[in-house]
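So the structure is just underneath, and the comments pick up after that.
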Protein chains: 2
Amino acid sequence: MNKLTISQVAKQGGVNLQTIRYYERQGLLAPISRTEAGYRIYQKDTVRRLRFIKRAQELGFSLSEIKDLLYLRLDAHTTSADIRVRAQAKLADVEQKIRHLEAIQKSLSRLIKSCRGCGPAADCPILENLDGEDFP
Amino acid sequence: MNKLTISQVAKQGGVNLQTIRYYERQGLLAPISRTEAGYRIYQKDTVRRLRFIKRAQELGFSLSEIKDLLYLRLDAHTTSADIRVRAQAKLADVEQKIRHLEAIQKSLSRLIKSCRGCGPAADCPILENLDGEDFP
DNA sequence: CTAAACCCTGTACTAAGGTATAGAGTCAAG
DNA sequence: CTTGACTCTATACCTTAGTACAGGGTTTAG
């Protein structure tokens with residue numbers, strides 16, 4: 001048998017059962033058919049797709065971006081270059097976030113250095129800085 | 001006059017009027033009093049506090065953390081060291097996020113390098129990797 | 001035959017940080 | 001006195017990625 005119920009898919013994919021239905025609503029995952037009673041029927045392949053989704057998420061892709069990737073893959077006109085473009089855009093995205101966080105890191109480090117950590121909070125250079133006026 | 005209406009505060013603070021009320025609900029900002037009709041009355045000081053909130057947000061603090069900072073500052077027992085501890089925790093937090101994103105960056109870069117960008121999507125090493133099985 | 005275990009749909013809830021709208025009251029100018 | 005600008009509260013909506021529950025139908029084991 002190659003057929004799976006929703007709970008088997010969830011268990012094998014390591015996700016919550018509700019998540020499967022959620023992915024279906026989001027257009028990421030569909031059962032191949034239904035039983036007469038309306039129960040969803042899946043193939044073994046679905047577990048593979050779940051893994052695809054999880055890995056892409058780990059790389060920072062959102063569900064809607066992952067949906068795009070999945071549809072791109074289905075389209076015979078899609079080339080390897082098309083996929084690479086998505087990956088490059090995501091990389092640029094991630095690098096942007098890193099730069100932003102590094103700027104925050106620098107500011108925080110500077111503030112922490114400026115604070116000797118003694119005296120009342122009223123004199124704390126960190127709070128003074130947040131208050132504005134004086135510091136850059 | 002040192003009194004401000006809600007829309008004056010919003011304009012001077014560069015935020016939406018609704019945001020002022022939202023911050024009040026979150027315990028970050030309170031009017032000094034109300035008119036007989038129930039209109040909020042603020043001081044000039046409120047604009048300073050708004051600036052405090054915005055700067056702290058830029059440093060990656062959440063509103064609830066900012067609320068903590070504000071209450072800490074009000075407490076006469078709070079020392080400069082208490083504030084520094086918060087800043088250090090936030091710095092650790094930010095550095096953790098940077099490391100996470102750098103790991104993603106590495107994986108994406110590796111995948112992009114592995115893809116020559118030609119041929120059909122079916123042969124794309126990026127998609128193959130997401131599918132699993134072979135690659136780490 | 002019945003109870004447990006499963007499945008269905010639809011809805012509501014979570015975090016965070018707001019934004020928008022409805023319906024009502026208030027205030028100042030002309 | 002009316003119009004427009006302002007304010008009030010309460011509620012709903014947005015994003016993302018799910019989770020939970022209610023109320024019902026189905027399937028399977030004993």
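No hydrogens, no waters, no symmetry mates; every other heavy atom, side chains included, goes into these values. Chain letters run A, B, ... following the sequence lines, proteins first and then strands; every chain starts at 1.
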Check every strand shown and say whether B:R21 touches a base, only sugar-phosphate, or nothing at a heavy-atom separation below 4.0 Å.
base
Kindly state each residue pair satisfying side-chain hydrogen bond (donor to acceptor under 3.5 Å, both in side chains) with at least one member in residues 70-79 of chain B, sequence neighbours excluded.
A:D131-B:R73, B:T79-B:D82
As a quick check of understanding, evaluate salt bridge (Lys or Arg N to Asp or Glu O under 4.0 Å) for A:K97 and A:D93, giving each step before the final call.
CA-CA 6 Å; A:K97 278 183 188 143; A:D93 216 67; 3.8 Å; yes
Sequence-distant partners of [X], side-chain hydrogen bond (donor to acceptor under 3.5 Å, both in side chains), two or more places apart:
X: A:R40; result: A:E24
X: A:Q105; result: B:E95
X: A:R84; result: none

Would you give me the side-chain donor-acceptor pairs under 3.5 Å for residues 25-38 of chain A, sequence neighbours excluded?
from  : atom 1 : to    : atom 2 : distance (Å)
A:R34 : NH1    : A:G38 : O      : 2.8
A:T35 : OG1    : A:A37 : N      : 3.3
A:T35 : OG1    : A:G38 : N      : 3.4
A:T35 : OG1    : A:Y39 : N      : 3.0

Can I get a per-line list of side-chain donor-acceptor pairs under 3.5 Å for residues 16-23 of chain B, giving both atom names and the distance, sequence neighbours left out?
from  : atom 1 : to    : atom 2 : distance (Å)
B:N16 : OD1    : B:Q18 : N      : 2.8
B:T19 : OG1    : B:N16 : O      : 3.4

Quick one, which residues of residues 5-20 of chain B touch DNA chain C with a heavy atom under 4.0 Å?
B:N16, B:Q18, B:T19
May I ask you to list the residues of residues 61-73 of chain A, by number, that have any heavy atom positioned under 4.0 Å from an atom of DNA chain C?
none
5' priority, DNA chain C, between B:A37 and B:Q57 [closest heavy atom]:
B:Q57
With a strict under 4.0 Å distance from non-hydrogen atoms of chain B, what nucleotide opens and what nucleotide closes the contacted stretch of DNA chain C, reading 5' to 3'?
C:dG17 to C:dC27
Note: chain A reaches DNA chain D at heavy-atom distances under 4.0 Å over the stretch, first to last nt, 5' to 3', of D:dA17 to D:dT27
A:S64: what forms a side chain to side chain contact (heavy atoms under 4.5 Å, CB included) with it, not counting sequence neighbours?
A:S62
For residues [X] and [Y], report the shortest heavy-atom separation together with the two atoms involved.
X: B:L4; Y: B:V47; answer: CD1-CG2, 4.0 Å
X: A:L111; Y: A:P125; answer: CD2-O, 4.3 Å
X: A:I83; Y: B:A121; answer: CG1-CB, 4.3 Å
X: A:I104; Y: B:G60; answer: CD1-N, 4.3 Å
X: B:L50; Y: B:G13; answer: CD1-CA, 3.8 Å

5'-to-3' dot-bracket of DNA chain D (Watson-Crick, G-U; under 3.5 angstrom; crossing pairs as [ ]; | other strand)
||||||||||||||||||||||||||||||
Would A:I53 and A:R49 count as a side-chain contact (heavy atoms from CB on, under 4.5 Å) if you check the C-alpha gap in whole Å, the side-chain angles of each, and the deciding distance to 0.1 Å?
CA-CA 6 Å; A:I53 295 170; A:R49 175 168 289 212; 4.2 Å; yes
Stacked cation flag B:K90 on B:F61, 6.0 angstrom / 45 deg
yes
